[in-house]
Protein chains: 2
Amino acid sequence: MKEVTLKQIAENLGISITTVSKALKNYSDVSKKTKALVKEEAKKLHYKPNVFAVNLRTKESKTVGLIVPEIVHHFFSSVINGIVEEAERKGYLVIILQSNESYKLERKQVDLLISKRVDGIMISLANDTVDTSHLLEAMEHDIPLVMFDKISKLVKCSKIIINDRQAAYNATKHLIDSGCKNIAHFRGALLPQNSIDRFLGYKKALEDHGLKYDSSLVYMCERVDYEDGRRAAEQLIKDAKKVDGIFAITDMAAVGAMTVFKEHGIKVPEDISVMGFSNWFLSQAITPALSTINQPGYEMGRGTFKLLRKEMKAKKAGIPFEPQTKVLETFVVKRESTK
Amino acid sequence: MKEVTLKQIAENLGISITTVSKALKNYSDVSKKTKALVKEEAKKLHYKPNVFAVNLRTKESKTVGLIVPEIVHHFFSSVINGIVEEAERKGYLVIILQSNESYKLERKQVDLLISKRVDGIMISLANDTVDTSHLLEAMEHDIPLVMFDKISKLVKCSKIIINDRQAAYNATKHLIDSGCKNIAHFRGALLPQNSIDRFLGYKKALEDHGLKYDSSLVYMCERVDYEDGRRAAEQLIKDAKKVDGIFAITDMAAVGAMTVFKEHGIKVPEDISVMGFSNWFLSQAITPALSTINQPGYEMGRGTFKLLRKEMKAKKAGIPFEPQTKVLETFVVKRESTK
DNA sequence: TTGATATCCGAAAACGTTTTCGATAATTTT
DNA sequence: AAAATTATCGAAAACGTTTTCGGATATCAA
């Protein structure tokens, strides 16, 4: 039971490999009759082109790489679904890699993708990525690159993001509009752009509405997860801060905080309002349901691949490509954790 | 700026392609001196072998495929981490695909992996997979296959699982030992083997301890998620069943049930004990913390790839391989949701 | 010196496809 | 009928690597 190749088909039909190849690809210089013959024989033998040979010959793998900090996160898994769906429709396979929020690993993953000769790379940066030489390396290899969500402004490539600053502004404004006077912020790590932007949006909203910014009301949630939210909330309680609203950088952190409040008999939203960010699928399931900012992961995923595709096509056609940045809309989702 | 190839190096050094290739792979029939020269030149030019050519020549891709029902689930993401880590250490890239619990998509993904000529496939079955012809097809293509967690007994390949029946038995017994007399079960879909096994373990535990099995206490959670848990719990309350313990097939379902109880003023574990399954990372975070069964996802992942590797090596060496089944240990994690 | 034995190197085939370009046969035009 | 055009096919090169096998040179024993 040997591998079935073009050669095999050609021999069976007594014609040349060339003709078989062209027949299967509907070249105009092969007759209807032989086309039919070839296709029939191919079907009969269950012919599948050897992708290794095709890759070598065409110099493309019909494969793209995707690097995310963590696969588990609901937001990223939405993005993944969007990317994969769009990619599949265009005949591309996507290789999903994790950086585990580590610059070192991220670098390694990029190198891996380069060595596997993917046709393009999509990436959302790790928290501690400041050096972007690995991305430049990819671009030097002439591999189209697009960044999404957690981007670096220093890299000249296509990007797709939300307006984190504006979204955070809106989230904070929602708290203010509902009557909060002393609003704390659970912020993310120092480096990531969106962590910075959300902080700035929070600050700006306070200032625009006559509330003065108090740096002692900003708590650090390094990993922006449930535990971080708990810790920050406990610290806030210990500090005995007079706070009637919290804008957390993440739904997970917000939920962590809310469970701590519950344990301490602090009522949400009566005693304190809580605002999350992302619209995690469980945030509408918990009690009280969490108010949050909707972050369109699926759409971002689709958009990411579409941008990449545009660039891949331009590259193949040999025409220059100008990187573009797309900004997606977010909106406030009012639920029970805010008044 | 041309691609750097063996030919390039050979020309620069005035030697043959053959020698360059052999030097880089430390063949014994090339002198120390030329080896050094070649390696130096290769490093200088940043030579990276063209993986397309290597694939074609060696007939292997150093790539394996992985199909899971859903990437987001914590359990599967643990498995993924285990697999990826082990694979990476052995120089393999893993292509992660989702079946979305759909047989049709699963089939398509398997075909995709075959057409991409992966060196091996790891799979956890979708809920509605009963026909296994796509897996046989993979095996006919001589692609090593191993199944994990959600397996089919009909396929003759290596498997790595937990003893779902025993684990469910232990979970139920834990409820019984803590004094529960009327224990309900939130079961999964009808087809999956582990859904069946967990149900059987539950039933057996009841019978072994003098509690009679009551089929009206078994509620269906088709998708075994949070919402299913809520629905089942609400139905249970509406049915006014006298129940003092629940064994849910999944932590998510258990958490869903617990929130419903909380909303109805039913105390856990005072009024009703709740037992989950999987040891989801949030199950220790919620209040009350959920008692559950620890399901070793990471270890399962590592074991899965190790089994696959064994078979891939055997295949390469041309020696026959006898499929093996490995059963991983689970244990009860007692927290606050049971007495 | 001769023959034997290591030691080192390279020619060439092979992997399976795609694509260029020229050749032949069939058809049309003049 | 000759010339021009069209339709159909195939030879061959190319992609970049790996590996077999034989050839050349150097080293050694006789």
Side-chain angles (χ1 to χ4, degrees), chain A residues 1-39 41-42 45-63 91 114-117 119 141-142 316 318, chain B residues 1-39 41-42 45-63 91 114-117 119 141-142 316 318:
Chain A
M1 84 155 223
K2 271 277 289 160
E3 195 78 46
V4 32
T5 68
L6 292 182
K7 190 176 172 186
Q8 183 63 248
I9 299 177
E11 280 171 2
N12 287 9
L13 264 40
I15 59 178
S16 79
I17 293 176
T18 305
T19 305
V20 175
S21 173
K22 288 198 282 198
L24 290 175
K25 311 192 84 201
N26 278 320
Y27 270 52
S28 62
D29 66 343
V30 26
S31 69
K32 300 279 165 219
K33 206 167 55 168
T34 44
K35 266 183 193 167
L37 247 56
V38 168
K39 284 175 179 172
E41 185 72 8
L45 301 187
H46 302 108
Y47 169 76
K48 288 278 159 53
N50 183 322
V51 76
F52 294 159
V54 176
N55 287 348
L56 177 60
R57 179 58 224 234
T58 63
K59 293 178 178 306
E60 56 178 27
S61 57
K62 286 288 179 182
T63 295
I114 294 176
S115 78
K116 286 288 181 180
R117 285 182 140 75
D119 297 338
H141 276 82
D142 221 30
K316 208 171 168 183
Chain B
M1 83 153 223
K2 272 276 287 156
E3 194 80 45
V4 33
T5 68
L6 291 182
K7 189 176 173 187
Q8 183 63 249
I9 299 177
E11 280 170 3
N12 288 8
L13 263 40
I15 59 179
S16 79
I17 294 177
T18 306
T19 306
V20 175
S21 174
K22 289 199 280 198
L24 290 174
K25 311 191 84 202
N26 277 321
Y27 272 52
S28 61
D29 66 343
V30 27
S31 68
K32 300 278 165 220
K33 205 166 56 168
T34 43
K35 265 182 192 167
L37 247 55
V38 168
K39 284 176 179 171
E41 186 72 9
L45 301 187
H46 301 109
Y47 169 76
K48 289 278 162 51
N50 183 321
V51 75
F52 294 160
V54 175
N55 288 347
L56 176 59
R57 179 58 224 234
T58 62
K59 294 178 178 305
E60 55 179 28
S61 58
K62 286 289 179 182
T63 295
I114 294 177
S115 78
K116 286 288 181 179
R117 285 183 140 75
D119 298 339
H141 276 81
D142 222 31
K316 208 172 169 182

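Residue numbering restarts at 1 for every chain, and letters A, B, ... go by the order of the sequence lines.
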Quick one: is [X] getting a side-chain N or O under 4.0 Å of the [N] phosphate, OP1 or OP2?
X       : N      : result
B:Lys32 : C:dT7  : no
B:Thr58 : C:dC15 : no
B:Ser31 : C:dC9  : yes
B:Lys25 : D:dT19 : yes
B:Thr18 : C:dG10 : no
A:Thr19 : D:dG10 : yes
B:Tyr47 : D:dT17 : yes

In whole angstrom, give the distance that lies between atom [atom1] of [X] and atom [atom2] of [N].
X       : N      : atom1 : atom2 : answer
A:Glu11 : D:dG10 : CD    : C1'   : 15 Å
A:Asn55 : D:dA14 : CG    : C1'   : 16 Å
A:Lys7  : D:dG10 : NZ    : C1'   : 16 Å
B:Leu6  : C:dA14 : CG    : C1'   : 16 Å
B:Ile17 : C:dG10 : CD1   : P     : 11 Å
B:Lys33 : D:dA26 : NZ    : C1'   : 13 Å

TODO: For B:Thr34 and for B:Arg117, locate the closest nucleotide of DNA chain C by heavy-atom distance; then report the residue assigned to the nucleotide nearer the 5' terminus.
DONE: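 The residue closer to the strand's 5' end, by nearest nucleotide, is B:Thr34.
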Task: Quiz item: A:Lys22 side-chain donor-acceptor pair to D:dG10 base, under 3.5 Å - done: yes
Task: Polar side-chain contact B:Asp29-C:dC9 base: donor and acceptor under 3.5 Å - done: yes
TODO: Could you please name the option among D:dT17, C:dT17, D:dG16 that lies closest to any side-chain atom of A:Lys59?
DONE: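 Nearest to the side chain of A:Lys59 among the choices is D:dG16.
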TODO: When you get a sec, tell me which of D:dT19, D:dA11, C:dT17 is the closest nucleotide to the side chain of A:Ser16?
DONE: D:dA11
TODO: Under 4.0 Å between any heavy atoms, over every strand shown, what does A:Ser21 touch: base, sugar-phosphate, or nothing? Just pick one.
DONE: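 Since a base atom lies under 4.0 Å of A:Ser21, the category is base.
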Open item on the list: Considering every strand and a 4.0 Å limit on heavy-atom distances, what is the contact class for B:Tyr27: base, sugar-phosphate, or nothing?
Closed with: sugar-phosphate
If you define the side chain from C-beta out and look only at heavy atoms, does anything of [X] sit under 4.5 Å from [Y]?
X        : Y       : result
B:Ile9   : B:Leu45 : yes
A:Asn26  : A:Lys39 : yes
A:Lys116 : B:Lys62 : yes
B:Leu24  : B:Leu6  : yes

- [ ] Without swapping roles, check the side chain of B:Ser21 against the backbone of B:Ile17 for a donor-acceptor pair under 3.5 Å.
- [x]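 No; judged by distance alone, with no hydrogens or angles, the pair does not exist.
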